[in-house]
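To keep things clear, I will list the structure first and then write my remarks on it.
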Amino acid sequence: MILHELIDYQTLRLIWWLLLGILLIGFAVTDGFDLGVGTLLPFVGKTDTERRIAINTIGPVWEGNQVWLILGGGAIFAAWPPLYAVSFSGFYLAMFAILFALILRPVGFKYRSKRESPRWRNNWDWALFIGGFVPSLIFGVAVGNVLQGVPFRFADDMRIFYDGSFFGLLNPFALLCGLLSVAMLVTHGAAWLVLKASGPVADRARGFGGYGALGVILLFALAGLWLSFGIDGYAITSEVSPIGPSNPLLKTVAVKPGAWLANYGTHPWMMIAPVLGFLGAIATWFCFRARMEVATLLFSKLSIFGIISTVGLSMFPFILPSSVDPKSSLTVWDASSSHMTLFIMLVSVVIFLPIILAYTAWVYRVLWGKVDEKSVTDKSGHAY
C-alpha cells in the first residue's frame, strides 16, 4: 500500500478543515490579545510610563504570536487553493488595509521611544491603536461577509470572477460581526493586561474588559438572531462525493432560510460551540469583577474558541459560499488540494506543530511575571 493511502481522502479533508479552524483560533487567542492591547493603549495609559507598561506586556511575544497568522495563510494556500485564490483576490483591498495596519505595530514599537517628544510618542501610540483596531474590525467584517456569501463565480474553465467591491463588504451585518470581533479582542487584550500589567494600567483594563465582555454577550446574541431570521444559508441539494475531484461546479446548491442552523438539528452536540461562546464571555465578565487574573484570560480564550467554532460548525461543509452563483460555493469536499498534498502537509504538521507549541510554552514560562514601572524605566535598555 502506498503510504499516503493510510488515511483516506475524506478523512484528510476533514482533518485539514479542523486544522484550519485550529490555526485561526490559535491566532485569535494569541495574537488576539496583542491586537486588543493595541486597541486599548490610548485609553489604559494616561502617562508615558503607563503606556510603556502596556506596550511591554506584549513587546516580547507579539512576533511569535504572529506565527499562527502565517501558518493559517500557508495552510489556506497549500490545502485549499481555490479558497486562497478567491479570498485573497476578492478581499484584496481589505487584506491590504490589514497588512498596512499590522506593519504599523513593529514600526511603532521600534520608533516610539526614539525621541522624548510627547507629541511624537502620542502619534505612535495612535498608530499602535490603528494597528490593533483595524485588523480586529476587518477580520470580523470578513467573517460577516462569508456568512452572507461572497460575490464570486467560476467560469466553465475554472477561471475566477469577483463581482463585488470593497465598500460592498461594509454592509450592516458584516459591520455587526466586525464590532463583535473588536469587542472580543478588546476583552482578550484587557484580560492580558490584568494578568501582566500592574497599577493603574491593570485597573483601567479591568474596567474596559468588563464592558467588553458584556459587549461580546450582546453582540454575539444579536448576530445569532440576525443569522437565524434575517440571513439565508446555503445547502447542497445534489449528491456530493467526499472523495471526489476538487471541482465546485459538479454540485448544485440552494439558498434557504435558516440553512445555517440545520447542522445543529442534525448534530445536537454542535450546540456546545455557541454555549461555550456565551458561557466563556459571562465567566470572563465575572472574573474581571472578582479580580481572578489567570481565570479571566482562560475564560476569554474559551469564549473566543466557542465563537469562532460556531461559525465553522454552522457553515460546514461550506467554507466560502457564493452569493452570485451558489453552485460555485467552495466546500470541504470540492476545494482541497490533492490526496498526496494533504498527506505530506499533515506529516509536516505532526512534526513541526508540537515544536512550535513547546517553544511557545517555554517562552511564556520564561517571560512569566508582571510588567511594572521599575521594569520599563530600568536603564538596561531591554524595555520598549
Side-chain angles (χ1 to χ4, degrees), residues 13 16-17 20-21 23-24 69 72-99 135 137-178 181 223 226-227 230-238 240 244-257 259-260 262 308 311-338 341:
R13 282 170 160 168
W16 272 102
W17 175 77
L20 178 59
L23 293 174
L24 294 177
L69 178 62
I76 293 174
F77 173 77
W80 309 100
L83 173 61
Y84 182 90
V86 173
S87 58
F88 278 72
S89 58
F91 295 158
Y92 179 79
L93 290 178
M95 295 288 184
F96 184 85
I98 290 173
L99 290 176
L137 179 68
I138 294 181
F139 283 134
V141 168
V143 172
N145 279 281
V146 168
L147 286 166
Q148 296 175 92
V150 178
F152 74 94
R153 55 190 170 84
F154 287 98
D156 292 337
D157 58 1
M158 296 303 293
R159 285 184 299 159
I160 301 170
F161 295 90
Y162 182 80
D163 299 330
S165 64
F166 173 77
F167 292 103
L169 301 175
L170 304 178
N171 56 78
F173 179 74
L175 290 173
L176 173 65
C177 292
S181 176
W226 196 334
L227 191 67
I231 294 177
D232 294 339
Y234 292 72
I236 299 175
T237 56
S238 61
V240 175
S246 291
N247 185 343
L249 300 180
L250 298 180
K251 65 180 182 303
T252 58
V253 175
V255 181
K256 300 179 179 179
W260 287 148
I308 296 178
V311 176
L313 292 174
S314 298
M315 292 180 57
F316 184 85
F318 290 91
I319 52 178
L320 190 66
S322 169
S323 59
V324 296
D325 183 26
K327 73 176 182 179
S328 294
S329 300
L330 303 178
T331 74
V332 173
W333 313 127
D334 58 24
S336 73
S337 293
S338 68
T341 300

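This one's a predicted model, so the numbers in the text were calculated from it and none came from an experiment.
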### Query
Could you give the distance from CG (Leu169) to CD1 (Ile138), rounded to the nearest 0.5 Å?
9.5 Å
### Shortest non-hydrogen contact between Leu83 and Ile319, atoms and distance
CD2-CD1, 4.2 Å
### Query
Distance only, no hydrogens: is a donor on one side chain within 3.5 Å (strictly under) of an acceptor on the other, for Ser246 and Arg13?
yes
### Task
Grab the two heavy atoms, one from Trp260 and one from Met315, that are nearest each other, plus how far apart they are.
CZ3-CA, 3.6 Å
### Task
Would you mind reporting whether Phe173 and Leu147 have side-chain heavy atoms less than 4.5 Å apart?
yes
### Ring geometry between Tyr84 and Phe88 (parallel below 30°, tilted from 30 to 60°, perpendicular above 60°)
parallel
### Task
Can you measure from OH (Tyr92) to OG (Ser87) and round to the nearest 0.5 angstrom?
14.0 Å
### Query
For the side chain of Ser89 and the backbone of Ala85, is there at least one donor-acceptor N/O pair under 3.5 Å apart?
yes
### Message
If you define the side chain from C-beta out and look only at heavy atoms, does anything of Ile236 sit under 4.5 Å from Phe318?
### Response
yes
### Task
Mark yes when over 12 heavy atoms from residues, nucleotides or ligands other than Asp156 sit less than 6.0 Å from its CG; otherwise mark no.
no
### Query
Side-chain contact, heavy-atom cut-off 4.5 Å: Phe152 with Val324?
no
### Message
Is any side-chain heavy atom of Phe161 closer than 4.5 Å to one of Val86?
### Response
no
### Least distance between heavy atoms, Trp333 atom then Pro317 atom
NE1-CB, 3.6 Å
### Query
Yes or no on side-chain hydrogen bond (donor to acceptor under 3.5 Å, both in side chains) for Thr237 and Thr252, after CA distance, side-chain angles and deciding distance?
CA-CA 6 Å; Thr237 56; Thr252 58; 2.8 Å; yes
### Query
Can you find a pair of side-chain heavy atoms, one from Leu20 and one from Trp17, that are under 4.5 Å apart?
no
### Query
Run the side chain to side chain contact (heavy atoms under 4.5 Å, CB included) check on Val150 and Phe91 step by step: do they pass?
CA-CA 10 Å; Val150 178; Phe91 295 158; 3.8 Å; yes
### Task
May I ask you to test the Ser322-Phe154 pair for a side-chain heavy-atom distance under 4.5 Å?
no
### Query
Can you tell if the side chain of Ser328 reaches within under 4.5 Å of the side chain of Leu249, non-hydrogen atoms only?
yes
### Task
Could you tell me whether the side chain of Ile231 reaches within less than 4.5 Å of the side chain of Trp226, counting heavy atoms only?
yes
### Query
Lys327 and Lys251: which non-hydrogen atoms are nearest, and at how many Å?
O-NZ, 3.1 Å
### Under 3.5 Å donor-acceptor, Ser181 side chain and Phe139 backbone
no
#### Entry: Leu24 to Ile308 - nearest heavy-atom pair and separation
O-CD1, 4.4 Å
### Message
Go through it in stages, so that I can follow the logic: the residues are Asp232 and Lys256, the test is salt bridge (Lys or Arg N to Asp or Glu O under 4.0 Å), and I'd like the CA-CA distance, side-chain angles, deciding distance and then a yes or no.
### Response
CA-CA 5 Å; Asp232 294 339; Lys256 300 179 179 179; over 6 Å; no
### Query
Do you know which two heavy atoms are closest between Met158 and Pro248, and how far apart they sit?
CE-CD, 3.5 Å
### Query
What is the distance from atom CD1 of Ile98 to atom CG of Leu93, rounded to the nearest 0.5 Å?
11.5 Å
### Query
Are Thr331 and Asp334 linked by a side-chain donor-acceptor pair shorter than 3.5 Å?
yes
